[in-house]
Amino acid sequence: MADEGGGPALEPALAEWLSAREETGRHLATATPPVGVAWVQRLADLLATERSWQDQYTELIALGRNDRRFPPSNR
């Protein structure tokens with residue numbers, strides 16, 4: 001999806017990333033030790049999905065910079 005300038009839009013990537021984070025949080029809330037193999041696999045899958053969306057979001061942000069790189073944190 002494009003923004004008003006014709007480039008990629010940040011909103012869909014941000015919405016999907018936040019959704020992935022919420023799903024991961026819901027899954028973590030169900031943990032009761034000891035956790036089973038299936039629970040651990042689901043968490044690994046959720047974290048991989050979240051990371052994928054985060055990477056896409058940061059790549060889109062970097063498109064607005066001259067060097068096309070995500071800016072370093074000031075923290």
Chemist: What salt bridge (Lys or Arg N to Asp or Glu O under 4.0 Å) pairs are there with at least one residue in residues 24-39, not counting sequence neighbours?
Modeler: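 Residue pairs passing salt bridge (Lys or Arg N to Asp or Glu O under 4.0 Å), neighbours aside: none found.
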
Chemist: Going by side-chain heavy atoms closer than 4.5 Å, which hydrophobic residues are tied to Trp39, directly or by a chain of links?
Modeler: Leu28, Val35, Val40, Leu43, Leu47

Chemist: Under the side chain to side chain contact (heavy atoms under 4.5 Å, CB included) rule, collect the residues that match up with Asn66, sequence neighbours excluded.
Modeler: none

Chemist: Please list, one pair per line, the donor and acceptor atoms closer than 3.5 Å that link side chains of residues 11-20 to other protein atoms, with sequence neighbours excluded.
Modeler:
none

Chemist: Where do Thr58 and Asp55 come nearest, in terms of heavy atoms and distance?
Modeler: OG1-O, 3.0 Å

Chemist: By the salt bridge (Lys or Arg N to Asp or Glu O under 4.0 Å) test, which pairs, at least two apart or in different chains, include something from residues 27-37?
Modeler: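 For residues 27-37: none.
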
Chemist: Strictly by salt bridge (Lys or Arg N to Asp or Glu O under 4.0 Å), give each pair with a member in residues 36-45 just once, sequence neighbours left out.
Modeler: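 Sorted result for residues 36-45: Glu23-Arg42.
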
